[in-house]
Visitor: 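Structure below; questions to follow.
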Amino acid sequence: MSIQDIIEGKKQWRAHVARVKALPPDYQIVYKEMQKYLFKVGPISLPHGPLLPGIVDFFEEGVTAGKGVVELIGTDVAAFCDDLVKDSPTYADVHQASISVEPGADEK
């Protein structure tokens with residue numbers, strides 16, 4: 001990774017954070033909770049993938065439509081997040097695979 005890549009990544013992240021800060025306060029709170037949850041259990045591609053910007057897009061559309069954030073995602077943030085990443089490999093999946101040993105594999 002070059003210095004230019006790092007600089008560009010920081011620019012993109014700052015622009016993303018600015019979009020989040022432009023959301024209404026209730027949307028910001030829910031976004032931050034989703035972000036925390038996804039960084040704990042989310043997909044491997046989360047830091048560089050389209051998921052977080054896609055959530056902001058979705059929230060911006062909800063604001064434009066005059067909907068409340070709970071109306072968009074429901075009351076269970078974790079369930080909503082789990083549904084978003086259900087088909088994506090997660091760090092938890094990788095860890096589980098690394099510790100899973102087939103029965104009898106270590107017996108010879």
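Atom set for the values below is all heavy atoms of this structure, side chains included, hydrogens, waters and symmetry mates excluded.
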Visitor: With a 4.5 Å cut-off on side-chain heavy-atom distances among I, L, V, M, F, W and Y, is there a chain of contacts connecting Val41 to Ile73?
Guide: no
Visitor: Let me have the donor-acceptor pairs involving side chains of residues 50-67, under 3.5 Å, with sequence neighbours excluded, atom names and distances please.
Guide:
{"residue": "Asp57", "atom": "OD1", "partner": "Arg19", "partner atom": "NH2", "Å": "2.4"}
{"residue": "Glu60", "atom": "OE1", "partner": "Arg19", "partner atom": "NH2", "Å": "2.8"}
{"residue": "Glu60", "atom": "OE2", "partner": "Arg19", "partner atom": "NE", "Å": "3.1"}
{"residue": "Thr64", "atom": "OG1", "partner": "Glu60", "partner atom": "O", "Å": "2.9"}

Visitor: Tell me whether Val77 is reachable from Val20 by hopping between hydrophobic residues (I, L, V, M, F, W, Y) whose side-chain heavy atoms are closer than 4.5 Å.
Guide: yes
Visitor: Of the non-hydrogen atoms in Gln28 and Leu23, which two are nearest, and what is the gap between them?
Guide: NE2-O, 2.6 Å
Visitor: Give, for atom CD of Gln35 and atom SG of Cys81, the distance between the pair rounded to the nearest 0.5 Å.
Guide: 10.5 Å
Visitor: Once you round to the nearest 0.5 Å, how far does CZ of Arg14 lie from NZ of Lys11?
Guide: 9.5 Å
Visitor: Quick check on the hydrophobic clustering: are Tyr27 and Ile29 connected, directly or via other members, by side-chain heavy-atom contacts under 4.5 Å?
Guide: no
Visitor: Shared ILVMFWY cluster between Tyr37 and Leu46, side chains joined below 4.5 angstrom?
Guide: no
Visitor: The test is side-chain contact (heavy atoms from CB on, under 4.5 Å); show your working for Trp13 and His16 and say whether it passes.
Guide: CA-CA 5 Å; Trp13 183 252; His16 175 79; 3.7 Å; yes
Visitor: Above 12 or not: heavy atoms from other molecules or residues under 6.0 Å from CD1 of Ile6?
Guide: yes
Visitor: After noting the C-alpha distance and the side-chain angles of Asp83 and Lys86, does the key distance pass the side-chain contact (heavy atoms from CB on, under 4.5 Å) rule?
Guide: CA-CA 5 Å; Asp83 194 45; Lys86 67 182 174 195; 3.2 Å; yes
Visitor: Taking Phe39 as the starting point, is it possible to reach Ile44 by hopping between hydrophobic residues whose side chains are less than 4.5 Å apart?
Guide: no
Visitor: Closest approach of Ser88 and Asp93, non-hydrogen atoms and distance?
Guide: O-OD2, 3.8 Å
Visitor: Drop me the distance from Leu84's CG to Asp87's CG, to the nearest 0.5 angstrom.
Guide: 11.0 Å
